[in-house]
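Nothing here was measured: the structure is a model prediction, and the numbers come from that model.
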Amino acid sequence: MFYILILWCLTKKFYLRHENCNLTLYITMRKLFFLTLCLSILVCSSVDAKTAPGTFTAGKGTFLLNGKPFVVKAAEIHYPRIPQPYWEHRIQMCKALGMNTICIYIFWNIHEQKEGVFDWSGNNNVAEFCRLAQKHGMYVIVRPGPYVCAEWEMGGLPWWLLKKKDIRLREQDPYFMERVKIFEQEVGKQLAPLTIQNGGPIIMVQVENEYGSYGKDKPYVSEIRDCLRSVGFDKVTLFQCDWSSNFLNNGLDDLVWTMNFGTGANIDDQFRKLKEVRPDAPLMCSEFWSGWFDKWGGKHETRNSKAMVSGLQEMLDKNISFSLYMTHGGTSFGHWAGANSPGFAPDVTSYDYDAPINEYGQATPKYTELREMLQKYTDKKLPSVPKPMPITTVPAFQFTEFAPLFENLTAAIETTDIKTMEEFDQGWGSILYTTTLPNIHKPSKLHIPDGHDYVQVFIDGKYIGALDRRNGDKDLVLPSCRRGSQLEILVEAMGRINFGRAIKDFKGIVGNVELTITIDGNEFTASLKHWRTHLIPDTYEQTQKQVYKPLLTSKPRFRGDRIPGYYKATFRVKKPADTFLNFETFGKGLVYVNGHGLGRIWEIGPQQTLYCPGCWLKKGDNEIVVLDIIGPNEAKSEGLDHPIIDKLQKSEPPIHRKPGENLKLDGETPIAVGQFQSGNGWQEVKFSAPQTGRYVLLEALNNHNGDEYACIAELYLLDENGERLSREPWRISYADSENISSGNQAGDKIYDLQESTYWSTVKGVQFPHHIIIDLGKVRTVTALQYLPRMESTVPGAIKDYRIFVKKDKFKL
Ligand code: GLA
C-alpha cells in the first residue's frame, strides 16, 4: 500500500510540475496507477489468507516445521463455544499467552443439523476462523471427528443418525460410514485449501478421537483415515490421540501418535510405552487438561494452577509438544452441552473448565502464571494481553407474560405404543405423552425403565412426581384415580451422552411404561398403550408460536404447584456489554435472548447464571424467553457482573454415605486379601475362585505414602470370561469418605471412564477406607483391575486391601 501512495503522489507531482505536458499522458499514467492499485489489493488480500506453501512433519524426536525443529504450543478453543464477533479477541488472547497454534474440533452436528443440509456460515464459518488464526500468526490443528467427545451433544454426532434404530455408531456400519464420508467431504471443501501445504495455517489433522476408550477396531479407524486423505488431507500430517493405557489397541502404523492426560500426571510415565514402541517419535500431549467440566448437581471442578504450569514447563524442557485443553472453554450455548456416562451425568451450559482464559474471555491468575512461564521459552516479547470485553449489569426485572405449557400444546399424534423423540423426527427439547388411565383403586406403581431424561408425571394436570435419570429413578406411585383420568408424562431431553458406548442415547421414553395395579388382592402389570404425543421442540420459533397472557405476579402458581411454561420479559440495556443473567429462582429449562439460545438452566446448580454475550444484546429493549418445564418459584431475573457457576441448591450433597451410616463388617469374610504395588499404572487382582454377588466392597487398610488418604482413579471387574463388566449399571452404594469440598472426588469417579479423575477420601479421616459398588444385579466376577492416581507421587496409593463380594447389601 505504501508503494501505491508514493506512486499516486509522484503522478500528481509530475502533472503539477509539467502542467503543460500532454493530458493524455497524464490520464494514461493515472490508469496505470489504478491498475497497479487493483493488482496490489488482489495480491495483498491473498497474502492475508495465504502464505507460501510449507511443510509440517514428524522428524526424529521432534516435529519439523519447514524442515526445522518445532515445538507445538497449542491452545484448544472451540469456535461454536465463542460468539463469532469475539473469535479474534480469543485468538489474540491465546497468542498473548505464548501459544503458537490453535487446536479445534469440528462438531459435525452443528454443521449438519438436518441430514444433508450443511451450514458453514456465521458462527459456523470454520474456514474464516482458521484464516483469523493465520492472520495472527497462529498455526491450526483440526480435529474433524467424526466423533469428538468434548462434552458436546452426542460427542458431535448428529442425532438424526438414530432414526436408523439399529445403527452401529463409530463402526463400519454402512449408513454411518456413508454419512461420515459426506460430512468429511464438506469439511475437506472448507479446510483442505487451508493446509500448510496449500499455504494455509493447518499443520495437523486428527483421525477420530480417543478410539481406545470406545473399542478395538483398526479397520474402522483406517477407513476414517482413508476418508480424510480422500477429501484433501492427503499431504497434511495425520495423527491419532489416545491414552497411554490403550493407544496400541488402534494405533495405525502410518499415523503420528499423541497422548492425552491431565494436570498433575507423571509425564515420563505417560510417554513410557510410546517411547518403547517408537523410540524416535516426536512426543506430544494432545490434550493436557487444564481443568475439567461440570455436571448438574456436582461441585464446580477446579484444577491446581501450579501443577498445570509445572507440567507444561516439564514438557517444554523435554521438547514435548502440547495442546492445552481447554485454554479457553467458552460456553455450550443452546442445547449443545452433552452428558457423561457411565450413569447419566449431564453437563452444565458453562464450559469454563477452570481454564486459563475464563468462560467470558478474561485472563485468570492461571493465565498470568502460565504466560510468565511461556515467556521464558521464546526470544520474542509476547504481545500485550488484549483488553477484556466490557461487562455490564442489568437491573432486576420481572417476567410479564407467560404461556402455560399444557395450554399451548401442538396437535396430538396418536400411536398405539409409546415412541421415542427420534421416531417423531424431533432432535431436542421436550415431549409430552398422554394416555387414559383405568380405574385405580389403590396407590399403584408406575414403572418407566428408560425415561430420558427428566420425567414429570401429572394426572389431569396435577403434578404427581418426577423421575430423574441421573439418579436411576424408574418407579413412581400413582394415587388412586377414576377411570378416564389422563396420565400426562412430560419428558425433557438433556444433552445426549458424549462418551463411551452409551452415545447411542435416544430421548423421550425408550421402551414401555408399565402400570401395576392390585385387583382383589392380585397384582396385574400391563404396558400402557394408546398414546397421544405432543412435540415440544427446542427452537426459537416454537417460543414465538405460543399464546402468551399477562403474568401479574412474579410467583405464578397453579393449584399450589409451579407452572411449566414459557415465560417472557423485556429488559433494557443502556450500552450492550457482556452480562450474566441470573436464574436462581427458575426451575429447569432453556433460555433464549433475542432469538439466541443461551443454554440450559437448572435450579440444583452448580450453575445459576447464564453468560449473555454483549454482542447478542441491543441498546434499548431486549427480549428474553425462558421455557421452564418445572415452573419458576419467582419469575424474575437480573444481569450480574460476574457468573455464579458454583452454587448447589435444593439437592443432596453428591456423596454416597447417608447420615448415621457406618459399615459393619463383623461376620463378613473377604474373598481376597493382598497388597497393591506402589507406582503408577494398572494392576490386577485375580480371585482364587469365581465369585457371585451384586455388592463389591474394596477395603483399603493403609497406603504406600504413610498418610491417611485412599484414592482410586478407575476400577474394573472381570467376568467369567475375563472380560471387563459393563459399568453402565454401576452405582456407588457407600463410600466412607469423599472429598467434594476442595475437589470433586466423589466415589463415582472410579467408574467414570476417565483415568485422570479419581475418588479421594478427605483429610483427617483415617484408615480403613471403604467403597462399595452396587453392580445393578448379581454377577460373577473373577478379578479386579485397579488404577491409582496418575501423579508421579501417586497420592492415596492403596497398599493392603481386602475385597468382599455379597449378594445382599452390606450392613450400614
Ligand atoms: C477427552 C476427550 C475430549 C474431552 C476431554 C475431557 O480427552 O478427547 O474431547 O471430552 O476428554 O474434557
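A side-chain donor-acceptor contact under 3.5 Å links W730 to the backbone of S726. Here the side chain of T543 pairs a donor or acceptor atom with the backbone of Y540 at under 3.5 angstrom. Side-chain atoms of N249 do not come within 3.5 Å of backbone N or O of G212 as any donor-acceptor pair. Remark: the backbone N or O of R496 is paired with a side-chain donor or acceptor of E153 at under 3.5 angstrom. The closest donor-acceptor contact from the side chain of S321 to the backbone of V72 lies under 3.5 Å. Checked by atom type and distance alone, the side chain of T410 pairs as donor or acceptor with a backbone atom of L535 at under 3.5 Å. A donor-acceptor contact shorter than 3.5 Å links the side chain of N123 to the backbone of Q84. Between the side chain of N100 and the backbone N or O of K73, at least one donor-acceptor pair lies under 3.5 Å.
Taking the six-membered ring for Trp, Y325 and F288 have ring centres at least 6.0 Å apart. Aromatic pair F70/Y139: ring centres closer than 6.0 Å.
Between the side chains of T539 and Q542, not a single donor N or O lies within less than 3.5 Å of an accepting N or O. Checking S341 against E728 by side-chain atom types alone, a donor-acceptor pair falls below 3.5 Å. Side-chain atoms of E223 and Q172 form a donor-acceptor pair, as typed in the model, at a separation below 3.5 Å. In this model, no donor atom of one side chain and acceptor atom of the other lie less than 3.5 Å apart for N124 and S121. At a cut-off of 3.5 Å, with distance as the only test, a side-chain donor of W243 or E210 sits close to an acceptor on the other residue. Side-chain contact, S323 with E287: no donor N or O sits under 3.5 Å from an acceptor N or O.
W682 is listed as a side-chain neighbour of S245, based on a closest heavy-atom distance under 4.5 Å. Proximity of I141 to I202: side-chain heavy atoms (C-beta onward) are nowhere separated by under 4.5 Å. T101 is not listed as a side-chain neighbour of M138, based on a closest heavy-atom distance of 4.5 Å or more. Considering only heavy atoms from C-beta on, M154 comes within 4.5 Å of L157 through its side chain. No side-chain heavy atom of E151 sits less than 4.5 Å from a side-chain heavy atom of M326. Side-chain atoms of L255 and V207, non-hydrogen and from C-beta on, do get closer than 4.5 Å to each other. At a threshold of 4.5 Å between non-hydrogen side-chain atoms, the residues E128 and W120 do not count as touching.
Judged by the 6.0 Å and 45° rule, R470 forms no cation-pi pair with F344. With a 6.0 Å cutoff to the six-membered ring centre and a 45° limit on the axis angle, R170 counts as a cation-pi contact of Y147. For the pair R501 and Y214, the cation-pi criterion (under 6.0 Å, within 45° of the ring axis) is fulfilled. The cationic atom of R469 (NZ for Lys, CZ for Arg) does not lie both less than 6.0 Å from the six-membered ring centre of W296 and within 45° of the ring axis.
Salt bridge annotation for E276-K273: absent, with no cationic side-chain nitrogen under 4.0 angstrom from a carboxylate oxygen. For the pair K181 and E184, the salt-bridge criterion is not met [side-chain N within less than 4.0 Å of a carboxylate O]. A salt bridge between E422 and K163 is absent, with no side-chain N of the basic residue lying under 4.0 Å from a carboxylate O of the acidic one. Salt-bridge annotation for K507 and D505: present, with a side-chain N of the basic residue lying under 4.0 Å from a carboxylate O of the acidic one. Of the charged side-chain nitrogens involved, at least one lies within less than 4.0 Å of a carboxylate oxygen, so that E76 and R143 count as a salt-bridged pair. The existence of a salt bridge linking D173 and R179 is excluded, since no basic side-chain nitrogen approaches an acidic carboxylate oxygen closer than 4.0 Å. We find that D166 and K164 are joined by a salt bridge, their nearest charged nitrogen and carboxylate oxygen being less than 4.0 Å apart. A salt bridge links K749 with E301: the distance from a Lys NZ or Arg NE/NH1/NH2 to an Asp or Glu carboxylate oxygen falls below 4.0 Å. By the 4.0 Å N-to-carboxylate-O rule, E88 lies too far from K95 to be salt-bridged with it.
Ring geometry, W87 versus Y79: the interplanar angle exceeds 60°, so the pair is classed perpendicular (tilted spans 30 to 60°). Below 30°, between 30° and 60°, or above 60°: for W160 and W108 the angle between ring planes is above 60°, a perpendicular geometry. Using the six-membered ring where Trp is involved, F176 and Y220 have ring planes that are tilted, between 30° and 60° apart. A parallel orientation is assigned to the rings of F107 and W152, their planes being inclined by less than 30° (bins at 30° and 60°). Between W159 and W428, the two ring planes are perpendicular [angle over 60°; tilted spans 30° to 60°].
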Quiz item: When you look at Q197 and T55, which way does the side chain to side chain donor-acceptor pair (under 3.5 Å) test go after all the steps?
Solution: CA-CA 6 Å; Q197 289 76 9; T55 57; over 6 Å; no
Quiz item: Would H328 and Y351 count as a ring pair (Phe, Tyr, Trp, His ring centres under 6.0 Å) if you check the C-alpha gap in whole Å, the side-chain angles of each, and the deciding distance to 0.1 Å?
Solution: CA-CA 9 Å; H328 167 51; Y351 201 58; 9.9 Å; no
Exercise. Would you check, one step at a time, whether the test side-chain contact (heavy atoms from CB on, under 4.5 Å) holds for L283 with L274?
Key: CA-CA 8 Å; L283 304 184; L274 176 61; 3.7 Å; yes
Quiz item: Under the salt bridge (Lys or Arg N to Asp or Glu O under 4.0 Å) criterion, do R229 and D254 qualify, and how do the steps go?
Solution: CA-CA 12 Å; R229 282 192 178 141; D254 54 351; 3.2 Å; yes
Practice problem: Begin from the C-alpha positions of F333 and Y611 and carry the test side-chain contact (heavy atoms from CB on, under 4.5 Å) through to its verdict. | Solution: CA-CA 9 Å; F333 292 111; Y611 170 51; 4.2 Å; yes
Practice problem: Give the C-alpha distance, both sets of side-chain angles, the deciding distance and a yes or no for ring pair (Phe, Tyr, Trp, His ring centres under 6.0 Å) between H111 and F118. | Solution: CA-CA 5 Å; H111 292 289; F118 287 92; 8.4 Å; no
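When every heavy atom of N209 is checked against every heavy atom of V148, the shortest pair comes out as ND2-O, 3.2 Å. Of all heavy-atom pairs spanning C94 and I102, the tightest one is CB-CD1, 3.8 Å. Minimum heavy-atom separation, A133 to I91: N-CD1, 3.8 Å. Nearest heavy atoms, V491 versus M421: O-CE, 4.5 Å. Heavy-atom minimum distance, E112 versus F183: OE1-CB, 4.2 Å. Across every non-hydrogen atom of P144 and I106, the tightest pair is CA-CB, 4.0 Å.
Heavy atoms from other residues, nucleotides or ligands lying under 6.0 Å from NZ of K114 number 12 at most.
E359 CD to T349 OG1: the interatomic distance, rounded to the nearest 0.5 Å, is 8.5 Å. To the nearest 0.5 Å, atoms NZ (K295) and CG (D347) are separated by 10.0 Å. Atom CZ in F271 sits 9.0 Å away from atom OG in S244 (nearest 0.5 Å). We find the CG-NZ distance between L169 and K504 to be 6.5 Å, quoted to the nearest 0.5 Å. To the nearest 0.5 angstrom, M494 atom CE is 10.0 Å from S430 atom OG. To the nearest 0.5 Å, atom CG of residue L590 and atom CD of residue E492 are 6.0 Å apart.
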